[in-house]
Amino acid sequence: MSSGRNGTPKSGATPWWASAVVYQIYPRSFADSDGDGIGDLAGVESRLDHLVDLGVDVVWLSPVYRSPQDDAGYDISDYQDIDPVYGTLAGFDALLAAVHDRGLKMVMDLVVNHTSDEHPWFAESRSSRNDPKRDWYWWRPARPGMRPGDPGAEPTNWSSAFSGPAWTLDEETGDYYLHVFSRKQPDLNWENPEVRRAVYAMMRWWLDRGVDGFRMDVINMISKEPTLPDGIVASGPYGDGRPYYICGPRVHEFLQEMHREVVAGRDALLTVGEMPGVTVDQARLFTDPARAEVDMVFQFEHVRLDQGASKWDVRPFRLLDLKASFGRWQAGLADVGWNSLYWSNHDQPRVVSRLGDDGAHRVRAATMLGTVLHLHRGTPYVYQGEELGMTNAPFAGIDDFRDIESVNHYAVAVAAGEAPADVLPALRAMSRDNARTPMQWDDSPHAGFTAGTPWIAVNPNHTEVNAAAQRGDPGSVLAHYRRLIELRHAEPAVVCGDFTMLLPDDERVYAFTRRLGTVELLVLGNFSGAEAAADVPDAPSWSAADLVIGNYPAPDPAAPLVLRPWEARVYRRTTAR
Ligand code: NOJ
C-alpha cells in the first residue's frame, strides 16, 4: 500500500487486509470430530458458522502438517501432508472449500526456520558428512580443542528457546546440529539456495491448492550470522545467540526472494511475518510495500512488558509501558508499513487474566481490552476463545501442563534446586498452555470440544464461559467482538485514520484519537476496577458525541467523562476541515 501523511492511502486502493480481522484457530484445541480428544480439521469445518457469526475475514490455521508433535506441530516432518491426527489432504481441501464458500480466506502457518528431526531432509542430512543434504542444516564440529560430547564442547554457547543448549551432538557423525528451539527442531540453513528453492516450491504448492497466504513462523530468524559467534552470558550456563539469528544479515534478501518466487503475481494474499525481537525501524523495512517482503509483522514488544530477563520472570504490568510501546509502533508505522494487533495467541496467556480481571469484572475487562486493541491502526487478530473472554486455567501441578516449553523449564528449574512451589506460579501466569485448553463451546462435560477425553483439561469455568451461553446475549463478550469487527468494516477511520495518543502519563485510562478527513474517533479504556476520570482535551464536546461502541449502558451525554470499572467507549464526531 502506498500511504500518505496521517496514514491515509495516497495512491492505489487500501489493501484488503487493512480492513480485515484474522481469527486464529489452534486446531488441536478447537473442535474434535472423532472423539480421540484432539481437535481436527473436520471439527474446524463443523464450527465455521461461529466464525461467520463473529464476522471475521480470515482464518489462520496453526500447523496441521505431518509432525511428531514435539512442539505441537511446529516441528514438521512433511510439509505436503496433513498429520493423521488432524485428518487427510482430502479433508483439508474440503475444509478450504467450506471456508471459501463462506466468503472467508485461510492462511497456513509456515514453519520454515526449522523442520522436525524426523523430516526426510534431516534424516538424509544427518546420515553422513558427505550427504548432498548435509549443508541443508547447520552442522558444526565440537569447539576447537574439545571432544564431541564434552561439557561445553557445543560449537557456540547459545541456549535454546526451550531450555538447554541450542546444539545437539549426532553421535554417528560426531558433529553438532543447531536448533534454536527443541532438539527435535533442527534449523534449516537458508544460506543454501537448494533449501530456499525447496521451501518456495512447497509454498507455491499450497497456494496452487487454494490457500490465501501464510503466517510465517519466526521468519526473522532464517538468516544467521554465518560465523556463529558466542553470545553474551548474562546468567546461567548459556549465552544469548539472538543477536546472531534475529534479523540476520540476509533476512531482507531472503524475504524479497521469497516474495518474487512465491507471492508476486498472485492476488489477494496475506503474508504476515512472526518476528520476535523486531524493532519498529526493522518492521518498516519488512512491510514497506515498495520493498515487497511481507504485508505485516507480528511483533512482541507489548507481550514482553510484564516479563523480566525471561518469560518466567513475571513483573507487574504497567499501563504506561503499554502506551509507550503501542504509541511508538503506531507512530513508527504511520506513513509506511503495517502491524498486526493482538493480545492473545497460542503462545501467550489469556489476556483477560493477564491484563484485566478474570473474576467479577471479566466481561467488562475482556470487552475493554478488545476495544482498545481493535481501534488501533493495524490488522486485529482474534485468538480462539478470546471472543468469549476465556481465562487462564487453574493448573494444579506440573502434571496438568503439556507444553514442551513449560515442562522443560520446570524440569531444569527443579533440577537446579528450585522448589516446585516456587516454579509453578510463573508457569501458571505465563505458560502457553493457558491458551491451549479446549475451546469452550457449551457447558457440557468437555465444553462441547470432544466426546472423548481431552488432551489437556478443559477449564472448569466452561460451565459459565462458553459460546452457547453468549450467542444470543447482547451483553456478552462475543456480541461485543462482533460489534468491534462490524465497526472496522464500516468505519474507514478505524482502518486508515491517523493516531494520536492522549494522556500518556495516566496510569488508569488509555485514550487516543483516530482521525480521517472530517471524522474523528475518541477511544477510551479504563484499565482499572475503580472509576477513573478521562481528562482528555475537549471532554464536554466528546461526551455529547455519538457513542458508537461501549461496554456499559450509554452514559448521560451531559455528564463528565468518568469511566466506570473496566469501561470502554468509542465516540465519533465530525469536524469542519
Ligand atoms: C513460534 C510459534 O508460535 C511457537 O508456538 C513455536 O514453538 C515456535 N515458533 C517454534 O516454531
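Start at 1 and go down the list; that is how both ligands and their atoms are numbered. Counting begins at 1 with the first residue of the sequence.
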Within 4.0 Å of some non-hydrogen atom of E274, the atoms of ligand 1 are 1 (C), 3 (O)
Distance to 0.1 Å, residue and atom name: give those for the protein heavy atom nearest to atom 8 (C) of ligand 1. F181 CE2, 3.8 Å
So W206 and F92, would you call those rings parallel, tilted or perpendicular, with 30° and 60° as cut-offs? perpendicular
Could you find the nearest protein heavy atom to atom 9 (N) of ligand 1 and give me its residue, atom name and distance? D217 OD1, 2.9 Å
Proximity of F30 and W441 rings by center, below 6.0 Å: yes
Quick one: which ligand 1 atoms are inside 4.0 Å of a heavy atom on D347? 1 (C), 2 (C), 3 (O), 4 (C), 5 (O)
Taken to the nearest 0.5 Å, the spacing of E293 CD from N220 CG works out to 11.5 Å
If you measure from each heavy atom of M221 to ligand 1, is any distance below 4.0 Å? no
Name the orientation class of the two ring planes belonging to W190 and F254 (parallel below 30°, tilted from 30 to 60°, perpendicular beyond 60°). tilted
Ligand-residue contact atoms, ligand 1 with R432, heavy atoms, under 4.0 Å: 4 (C), 5 (O), 6 (C), 7 (O)
Answer side chain, backbone, both or neither: which part of E405 comes under 4.0 Å from ligand 1, heavy atoms only. neither
Report yes or no: is the cationic atom of K105 (NZ for Lys, CZ for Arg) under 6.0 Å from the centre of the six-membered ring of W17, at an angle within 45° of the ring normal? no
Just say parallel, tilted or perpendicular for the rings of W158 and Y244, cut-offs at 30° and 60°. parallel
Just which atoms of ligand 1 are under 4.0 Å from any heavy atom in V218? 9 (N)
Applying a 4.0 Å heavy-atom criterion (strictly less than), which segment of F162 is in contact with ligand 1: side chain, backbone, both, or neither? side chain
Say whether H114 and ligand 1 are in contact under the criterion: heavy-atom distance to a ligand atom below 4.0 Å. yes
Among non-hydrogen protein atoms, atom 7 (O) of ligand 1 lies closest to D71 OD2, 2.5 Å
Partner of T115 under side-chain hydrogen bond (donor to acceptor under 3.5 Å, both in side chains), picked from W121, Y79, Y137, is Y137
